[in-house]
Colleague: 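One structure follows; several queries about it will come next.
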Amino acid sequence: MAKNLLIVESPAKAKTIEGYLGKDFTVKSSYGHIRDLVKSEDAIDIPNNFAQRYEVPADKKQIVSELKKLAKEAEMVWLASDEDREGEAISWHLFETLGLKEDKTKRIVFHEITKPAIIKAIENPRKIDYNLVNAQQARRVLDRLVGFELSPVLWKKVKPSLSAGRVQSVAVRLIVEREREINKFKAEAAFRIVAIFGKGRESFKAELPERFAEQEQAEKFLNDCIDAAFNVKSLDTRPTKRSPAAPFTTSTLQQEASRKLGFSVSRTMSVAQKLYESGKITYMRTDSVNLSETALTAAQQEITSAYGDKYHQFRKYKTKSASAQEAHEAIRPTYFNVHTVDGDNAEKRLYELIWKRAIASQMSEAQFEKTTAKIEISTRKEDLVANGEVMKFDGFLKVYLESSDEDEDNTSDENNAILPPLNKGQLLALQEMTATERYSRPPARYTEASLVKKLEELGIGRPSTYAPTISTVQNRGYVVKEEREGKTRNYRVLTLKDKAVKQEQKTENTGAEKNKLFPTDIGAVVNDFLVQHFKGIVDFHFTANVEKQFDEIAQGLTNWTNMIRTFYTPFHEGVQNTIETADKARGERDLGIHPETGKKMSVRIGRYGPFVQIGDSDNEEEKPLYASLRTGQMIETITQEEALELFKLPKKAGEFEDKDMTVAIGKFGPYIRHNSSFYSLPKGLDPMTVTEEQAIEIIKEKRIKDAEKLIKTFDEDPEMKLLNGRWGPYIGYGKLNIKIPKGKEPLQLTFEECKALADAMEKDTKKPAGKKAAAAKPAAKKPATKTAVKKPAAKTTAKKK
DNA sequence: CAGTGAGCGAGCTTCCGCTTGACTT
């Protein structure tokens with residue numbers, strides 16, 4: 001047996017380090033935290049100085065017992081978890097749980113996985129830093145208290161199963177408030193003047209810095225220019241430069257992969273995980289922009305050999321984020337001389353992005369010559385301005401250009417245009433001048449990645465939680481990621497050409513969104529409730545404030561239980577007060593009087609989501625009418641006209657010749673119902689006017705599609721089918737979808753075999769007999785397997801309902 | 001997924017942060 005046991009957090013890290021240390025060391029991984037607070041109410045003994053009850057979750061039992069065994073046999077145990085709050089706590093939990101002895105345990109830390117760094121760490125061991133551990137406990141306890149006291153308030157006052165927390169509730173608030181800013185926004189139009197001078201390759205654009213609010217002003221300007229003379233009034237040339245961006249952190253990687261590759265944040269993380277596990281990149285959950293000495297040298301070698309000396313420049317980046325804990329390096333390729341990797345397309349592209357960004361971060365700046373020409377108009381006092389940029393040295397731009405969220409904004413694209421050679425006083429020939437009506441833009445909706453950016457700026461969340469947080473707010477139904485169609489709007493363009501001004505009307509599409517985050521009604525109602533009753537918790541600076549106090553605890557300046565008590569006492573009072581006094585929040589909004597019947601119209605959240613009601617619930621004689629809101633509609637913005645539309649039924653039974661066919665509109669759009677089958681109406685077909693022929697066509701097409709999927713049917717039972725799915729063949733039986741067991745040839749399967757599989761599955765879902773069934777149905781991605789394993793029966797009944 | 005929204009009430013839900021698989025129709 002090895003004399004030394006060294007424990008790190010990640011198995012991939014363990015493998016690498018084992019290679020550095022030789023046979024005297026066994027290197028193992030704890031797979032993150034090995035203990036957590038128990039799930040029940042009594043996890044924290046509040047009167048007893050917030051004493052915690054911890055347990056080893058079911059999925060960690062095995063690893064803990066293995067580590068225990070190895071620790072017993074070892075002469076020395078080296079706790080090498082990350083050097084940050086959580087890492088220190090992991091070491092402490094290991095110390096406690098494995099029953100380690102003070103004199104046989106050493107705590108070591110390193111910030112990069114390089115041989116010299118590991119050796120140095122082993123030469124400089126220390127003891128567990130209990131101040132840091134206390135800071136982590138304060139963080140853990142605060143999050144539990146907030147989450148587990150706030151959520152039940154929502155169950156009582158809004159809806160069961162909802163959740164609130166220090167991080168997720170602020171994420172939702174950001175999205176809700178942004179949506180309201182957009183709703184409130186009034187676009188203002190103004191005319192932008194652009195002139196084109198010269199011909200062919202010599203032509204260039206110039207713009208008037210001012211804009212005109214009224215068409216008359218723009219028109220007058222163009223008219224004034226008909227017979228005007230244009231000459232170069234001044235020329236200003238000066239050098240400018242651009243520097244490369246720092247190498248990736250988790251958050252910047254997520255942003256850039258979203259902009260350049262169109263990846264969701266969770267996709268980025270899972271692809272990066274694969275690259276990390278196969279040793280291609282360094283650790284992908286980091287807030288550090290630092291590169292190891294080894295990496296700096298390797299990057300230098302790569303850059304000088306590929307591009308030459310003058311392209312290289314040593315750079316050290318400093319983190320801008322106050323909340324950064326910098327336990328790791330920045331994300332970089334493990335080996336800079338590896339330009340491309342094997343693997344699927346996503347891995348290749350993400351690796352390339354990481355490689356370029358890291359290499360560019362050690363390259364020299366790009367140099368430009370920026371020219372600004374002012375052009376005088378003989379008939380007006382304003383000057384036109386033309387900007388040109390010439391690259392003198394490409395520097396880091398040879399490999400990488402960071403994109404920005406405003407890339408789609410092309411209103412200032414003249415900035416990097418090239419100007420022809422110009423002289424002061426030179427007369428210019430006007431080719432064309434336009435005055436285009438341009439609208440101001442509302443604030444941009446968040447994408448997953450821009451929300452991560454914002455959260456990081458506010459110091460909320462950690463690299464390991466950005467992706468899960470984004471999923472949580474969507475899984476809870478507070479936020480949806482959607483594509484929405486825009487509206488067309490008209491804009492006017494005046495054109496001066498050949499000594500005449502012409503006007504035309506053009507149309508543009510505006511407000512179309514793809515993969516943007518929208519709040520739902522429930523998200524808005526929960527947010528408003530929290531803002532009203534728990535302003536302090538959902539305050540954007542709450543996390544930053546408590547982080548300051550955690551830092552004081554970590555430095556030994558503050559006692560953690562005092563800090564938590566100071567926070568908890570008023571917070572808990574607020575919780576109780578809210579439970580007693582607050583009204584139920586249903587987001588109700590008045591929609592006025594129904595024009596035909598004079599009854600009250602209102603809209604609010606119900607059991608099945610937001611709906612419109614006409615008439616009074618208390619009225620015994622006449623039941624009120626109800627209609628669900630549709631995708632894209634919200635309580636706070638729906639108008640009475642839109643609400644009335646919801647009650648119009650397109651085609652009722654009997655309106656078609658085929659008596660079994662009706663058209664209706666569900667929450668997810670218009671659909672045809674034929675007997676008991678549903679067929680959604682393709683976009684562009686109006687459900688109010690759809691003809692029977694069109695409906696029959698849609699049904700036919702759907703049937704053809706279904707038939708294409710069909711491989712085989714069985715005479716014994718028409719419900720049993722062999723189908724072709726996205727990942728190969730599977731068995732369909734009624735509503736059940738059954739995977740084909742490994743090693744079986746799909747076409748050889750007999751009906752009996754299929755039936756047996758189906759029966760087994762049905763039994764499984766009714767009475768999950770253990771791990772398999774429970775693990776097979778995590779509704780959300782995250783809910784710990786612990787719950788599922790512990791209470792499988794409860795979970796199933798809840799779902800059946 | 002797909003036309004419902006009463007009221008009763010047992011037993012359930014829920015946090016953030018550290019990790020990786022098993023899984024997907």
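Numbers restart at 1 for each chain; the letters A, B, ... are given by sequence-line order, proteins then strands. These numbers come from a predicted model, not from an experiment.
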Colleague: Can you classify the ring geometry of A:Tyr568 versus A:His572 as parallel (below 30°), tilted (30 to 60°) or perpendicular (above 60°)?
Modeller: parallel

Colleague: Heavy atoms under 4.0 Å, any strand shown: does A:Phe647 hit a base, just sugar-phosphate, or nothing?
Modeller: nothing

Colleague: Return yes if the base of B:dT14 and the side-chain atoms of A:Ser163 contain a donor-acceptor N/O pair under 3.5 Å, otherwise no.
Modeller: no

Colleague: Can you identify which nucleotide, out of B:dC16, B:dT4, B:dT14, has its nearest atom closest to the A:Tyr608 side chain?
Modeller: B:dT4

Colleague: Do A:His674 and A:Tyr679 have ring centres separated by under 6.0 Å?
Modeller: no

Colleague: When you compare the side chains of A:Glu326 and A:His111, does any donor N or O come within less than 3.5 Å of an acceptor on the partner?
Modeller: no

Colleague: Would A:Arg604 pass as a cation-pi partner of A:Phe611, given that its NZ or CZ must be under 6.0 Å from the six-membered ring centre and within 45 degrees of the axis?
Modeller: no

Colleague: Between A:Ser81 (side chain only) and A:Val8 (backbone N and O only), is there a donor and an acceptor less than 3.5 Å apart?
Modeller: no

Colleague: Taking only residues two or more places apart in sequence, or in another chain, which ones meet A:Lys280 in a side chain to side chain donor-acceptor pair (under 3.5 Å)?
Modeller: A:Ser278

Colleague: For B:dG17, does the base pair up with any side-chain atom of A:Thr469 as donor and acceptor (N or O, under 3.5 Å, distance only)?
Modeller: no

Colleague: Among the nucleotides B:dT19, B:dC16, B:dT13, which one has an atom lying closest to any side-chain atom of A:Pro11?
Modeller: B:dT19

Colleague: Please work out if A:Arg462 contacts a base, only the sugar-phosphate, or nothing of the nucleic acid, heavy-atom cut-off 4.0 Å.
Modeller: sugar-phosphate

Colleague: Out of B:dG17, B:dT14, B:dG5, which has the shortest distance to the side chain of A:Arg607?
Modeller: B:dG5

Colleague: Counting only side-chain heavy atoms from C-beta out, which of B:dC16, B:dG5, B:dT13 sits nearest to A:Pro160?
Modeller: B:dT13

Colleague: Convert the base pairs of DNA chain B into dot-bracket notation, remembering that pairs crossing earlier ones are written with [ ] and that bases paired across to another strand are shown as |; include only Watson-Crick or G-U pairs under 3.5 Å.
Modeller: .........................

Colleague: What nucleotide, of B:dG17, B:dT4, B:dT13, holds the atom closest to the side chain of A:Ser628?
Modeller: B:dT4

Colleague: Tell me whether the side-chain N/O atoms of A:Arg476 come closer than 4.0 Å to OP1 or OP2 in B:dT13.
Modeller: no

Colleague: Determine whether a donor-acceptor pair (one donor, one acceptor, N or O, separation below 3.5 Å) exists between the side chain of A:Ser30 and the base of B:dT19.
Modeller: no

Colleague: For residues 7-17 of chain A, which residue pairs pass the side-chain hydrogen bond (donor to acceptor under 3.5 Å, both in side chains) check, not counting sequence neighbours?
Modeller: A:Ser10-A:Tyr276, A:Lys13-A:Asp82

Colleague: Over all strands shown, is A:Gly87 touching base, sugar-phosphate only, or nothing at heavy-atom distances under 4.0 angstrom?
Modeller: nothing

Colleague: Nearest of B:dC15, B:dG5, B:dT19 to any side-chain atom of A:Tyr283?
Modeller: B:dT19

Colleague: Nearest of B:dG17, B:dG3, B:dT20 to any side-chain atom of A:Arg139?
Modeller: B:dG17

Colleague: It should be established whether A:Arg630 places a side-chain nitrogen or oxygen under 4.0 Å from OP1 or OP2 of nucleotide B:dA2.
Modeller: no

